[in-house]
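Input: a single structure, listed below in structure tokens.
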Amino acid sequence: MSFLNKLKNEIIIADGAMGTLLYSYGTDSCFEELNLSQSEQIQHIHEAYIGAGAELIQTNTYAANYLKLQRYGLEDSVKEINSAAARIAKKAAKERAYVAGTIGGIRGFKPNMITLEEIKRSFREQLYCLLLENVDGILLETYYDLEELETVLAIARKETDLPIIAQVSLQEAGVLQNQTSIADALAKLEGIGADVVGINCRLGPHHMLKTLESVPLPKHAYLSAYPNASIPAYTDGKFHYEGDAEYFRQSAIEFRNQGVRLLGGCCGTTPDHIKAFSDVLKGLPPIEEKETKAINKVMVSEKPSSSRELPPLQDIVRERPSVIVELDPPRKLDTSRFFEGAKALKEAGIDSITLADNSLASPRVCNSALGYLVKQQTGLRPLVHVTCRDRNIIGLQSHLMGLHALGLNDILAVTGDPARVGDFPGASSVYDVSSFELISMIKQLNEGLSFSGKDLGQKAAFSVAGAFNPNVRSLEKAVGRLEKKIEHGADYFISQPVFSEEKLLEVHEAVKDLKAPVYIGLMPLTGSRNAEFLHNEVPGIKISDSIRNRMASLKDDPAQAGAEGIAIAKSLIDAAAELFNGIYLITPFMRYEMTVELSNYARETTERLSRRKQHA
Ligand SMILES: Cc1cc2nc3c(=O)[nH]c(=O)nc-3n(C[C@H](O)[C@H](O)[C@H](O)COP(=O)(O)OP(=O)(O)OC[C@H]3O[C@@H](n4cnc5c(N)ncnc54)[C@H](O)[C@@H]3O)c2cc1C
Ligand SMILES: [Zn+2]
């Protein structure tokens, strides 16, 4: 008899964790490999669960696919491992329990990291191995990404008539990571042909029961739940779960009342937890009817928007000429010169000062702290650079939420120079996300959704610039990256400095049809050494011989060299103003007098130009 027949009239108790139990015994290598090297240990664990009352156990194959086994160099052992696992489980079951072949989800918080094509290949291989061993059913568990589960479930449904259990993992009570409600997700899985649909892992009984309140009884399938024991704690270098079995005993009846017919345990559970479920529910009939309560889910369109004090720069620069200036936070504690610079730039009438995020991977005073103070003290709009280098995804989201709270709504999202170029060559460069993903995520905050899909209750109001490096071998490729950044939500671009009129023309030609405007970068040279460094040591930057010769002739006269740097920059402003509405001036070495003078010059130039255009 298939376990589906049994589920018609009975509640079935399933087993609990395998992986975390092995981990608690001290295994920290590949759990699935133990099917080959420690088969007795695996068999004993299955037997312990059956002894505790489990009538359906799962093979130790959660991650036994080539994508996950390749971490251990075991990608060629998929068949051996899955076959061994099924045989061990059957040996332990001895007709006392059903054996489900388990296949775990692969995608995590970044669904697109692994393509569906690769997932399909990996899934098919594992599925065939398990089916060949005549398991009693297939258990698809711990799927965060619904698209992935729908895809693999459709494959499994086509390949076998055996019972299939399909389980998603919650993002928070009631919803998946992509905001689909669990009720909708389970209905979809039922529609694709799953025989049992449910939830497992990540959260414990509290959140699962709350979720189940919103899930109706499926019409053509049964409901399952495999809660975790607790939230894991990390102590003395190890994770451990504290949830005790008594708590599971109390929640057993509530799972039944929510219509669950297949009840097991996930991470952190032990035979004691399963025994608690079994003690309470053995012999009790399942419920046949239930009422559901809707979980309050606010639609994106209903969320309040946040207000902005100033229109976003992309709107301004589309309308009229606009100058923004980079003034980087200092490397030392004294910030007085920085604030003098910010005030002087405000007086020069620029639209924003941009503050780098530990550029060249060396620490500077926190740019959001200084940005906030600039806004408070001068009223000038700060534009804060955010790199993917220094914060993991948790830190990035928290940082952006902080910027929102401070009213700092203008962001430049960049990859960030790698740590090895800076003060701490051995420090880790995080790069949990790429600049493309960072842009998308900031735009997701504007929809009132966190990076992980949680409801933020309100829409943020960020305007997001992307970085543009035109100093590369292939400008076409660089523009291709800009197009991709636009697809991810970039509102406009800010470029690395350009040092010749020819380059300005070339860049203008390359970006003129882009949907997003560009602030073109210009930086005054401070002297011959500065010019030689940029030309010879900074990738992609080329300064013409004539300009370098002009700077070299003033090697011994720093004041004159600075003036020459300004004169060169002014002639570039003349050329740039004809081509671009947006000009981005970079202040070298906190010498803000230079960018103040150039800002004034840029304003005068653009005013002159517009008068000329009006007359023409
Ligand atoms: C205006 C501006 C401000 C910046 N501010 C900071 C800052 O505050 N802090 C900081 O640490 N860094 C900063 N940077 C540097 C930036 O992080 C690095 O230059 C980074 O390598 C490129 O950033 P990105 O976000 O454009 O990366 P992406 O466009 O995502 O590029 C990522 C990777 O691809 C490579 N790549 C890009 N274009 C091409 C191409 N055409 N062909 C081949 N490979 C390519 C890049 O070199 C890089 O390794 C800034 C750069 C700019 C232009
Ligand atoms: Zn789990």
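Residue numbers run from 1 in the order of the sequence given. Predicted, not measured: the structure shown is a model, and the values here were computed from it. As the structure lists them, so they are numbered: ligands from 1, and atoms in each ligand from 1.
With distances taken over non-hydrogen atoms, the option nearest atom 30 (O) of ligand 1 out of G480, S434, S435 is S435. Nearest to atom 7 (C) of ligand 1 by heavy atom, out of I439, N367, V386, D357, is D357.
The shortest contact between atom 52 (C) of ligand 1 and any protein heavy atom is with A467 CB, 3.7 Å. Of the protein's heavy atoms, A478 N, 3.4 Å lies nearest to atom 41 (N) of ligand 1. The protein heavy atom nearest to atom 42 (N) of ligand 1 is K477 CD, 4.2 Å. Nearest protein heavy-atom contact of atom 25 (O) of ligand 1 is T415 N, 2.8 Å. In terms of protein heavy-atom proximity, atom 51 (C) of ligand 1 is nearest to Q496 NE2, 4.0 Å. For atom 31 (O) of ligand 1, the closest heavy atom belonging to the protein is R481 NH2, 2.9 Å. Among protein heavy atoms, atom 17 (O) of ligand 1 sits closest to G416 N, 2.7 Å. The protein heavy atom nearest to atom 4 (C) of ligand 1 is H385 ND1, 3.8 Å.
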Taking distance alone, no hydrogens or angles, what donor-acceptor pairs closer than 3.5 Å link side-chain atoms of residues 467-482 to residues at least two apart or in another chain?
residue, atom, partner, partner atom, Å
N469, OD1, N471, N, 2.9
N471, ND2, P497, O, 3.0
S474, OG, K477, N, 2.9

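Here the rule is side-chain hydrogen bond (donor to acceptor under 3.5 Å, both in side chains) with H385, and of D328, D357, T354 only T354 fits it.
Distance check on atom 44 (N) of ligand 1: every protein heavy atom falls at or beyond the 4.0 Å cut-off. In this structure, atom 48 (C) of ligand 1 has no protein heavy-atom contact shorter than 4.0 Å. Using a 4.0 Å threshold on non-hydrogen atoms, atom 12 (N) of ligand 1 counts as touching the protein.
Considering all non-hydrogen atoms of both residues, G19 and F31 come closest at O-CZ, 3.5 Å. The minimum heavy-atom distance linking I274 with G265 is given by the pair CD1-N, 3.7 Å.
Looking only at atom types and distance, the side chain of S440 has no donor-acceptor partner in the side chain of E437 under 3.5 Å away. Between the side chains of H240 and S24, not a single donor N or O lies within less than 3.5 Å of an accepting N or O. Counted by atom type alone, T415 and Y431 present zero donor-acceptor pairs between their side chains at under 3.5 Å. When only modelled atom types and interatomic distance are considered, N358 and D390 share a side-chain donor-acceptor pair under 3.5 Å. S224 and Q167 are linked by a side-chain donor-acceptor pair at a separation below 3.5 angstrom, with hydrogens and angles left out of the test. Counting only N and O atoms by type, the side chains of Q314 and S463 include a donor and acceptor under 3.5 Å apart. Side-chain contact, N60 with N35: a donor N or O sits under 3.5 Å from an acceptor N or O.
Contact between K485 and ligand 1 is present, with at least one heavy atom of the residue lying under 4.0 Å from the ligand. In this structure, I494 has a heavy atom closer than 4.0 Å to ligand 1.
The CD1 atom of I586 sits 7.0 Å away from atom CD of Q496, with the distance rounded to the nearest 0.5 Å.
At a 4.0 Å heavy-atom cut-off, ligand 1 touches F468 through the backbone alone. Contacts of R389 with ligand 1, taken as heavy-atom pairs under 4.0 Å, involve the side chain alone. With a 4.0 Å cut-off on non-hydrogen atoms, D417 touches ligand 1 through its backbone as well as its side chain. Residue contacts with ligand 1 for N358 involve N, CA, C or O but no side-chain atom from C-beta outward (heavy atoms, distance under 4.0 Å).
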Pair D423-R364, salt bridge (charged side-chain N to carboxylate O under 4.0 Å, His left out): steps then yes or no:
CA-CA 11 Å; D423 286 2; R364 290 166 178 266; over 6 Å; no

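With F436 as the aromatic partner, K484 meets the cation-pi criteria of under 6.0 angstrom to the ring centre and within 45 degrees of the ring axis.
Heavy-atom contacts of L412 reach the following atoms of ligand 1: 1 (C), 2 (C), 3 (C) (cutoff under 4.0 Å). Set against the non-hydrogen atoms of A356, the atoms of ligand 1 under 4.0 Å away are 8 (O). For ligand 1 and T387, the ligand atoms under 4.0 Å from any heavy atom of the residue are 9 (N), 10 (C), 11 (O).
F248 and F277 have their aromatic ring centers within a separation under 6.0 angstrom.
Around the CD1 atom of I231, the shell of radius 6.0 Å holds no more than 12 heavy atoms that belong to other residues, nucleotides or ligands.
The Zn ion (ligand 2) has C201 SG, C266 SG, C267 SG as protein N, O or S atoms under 2.8 Å away.
Looking at V414 next to ligand 1, no N or O pair under 3.5 Å apart turns up.
In this structure a side-chain-to-backbone donor-acceptor pair under 3.5 Å is present from N581 to V317.
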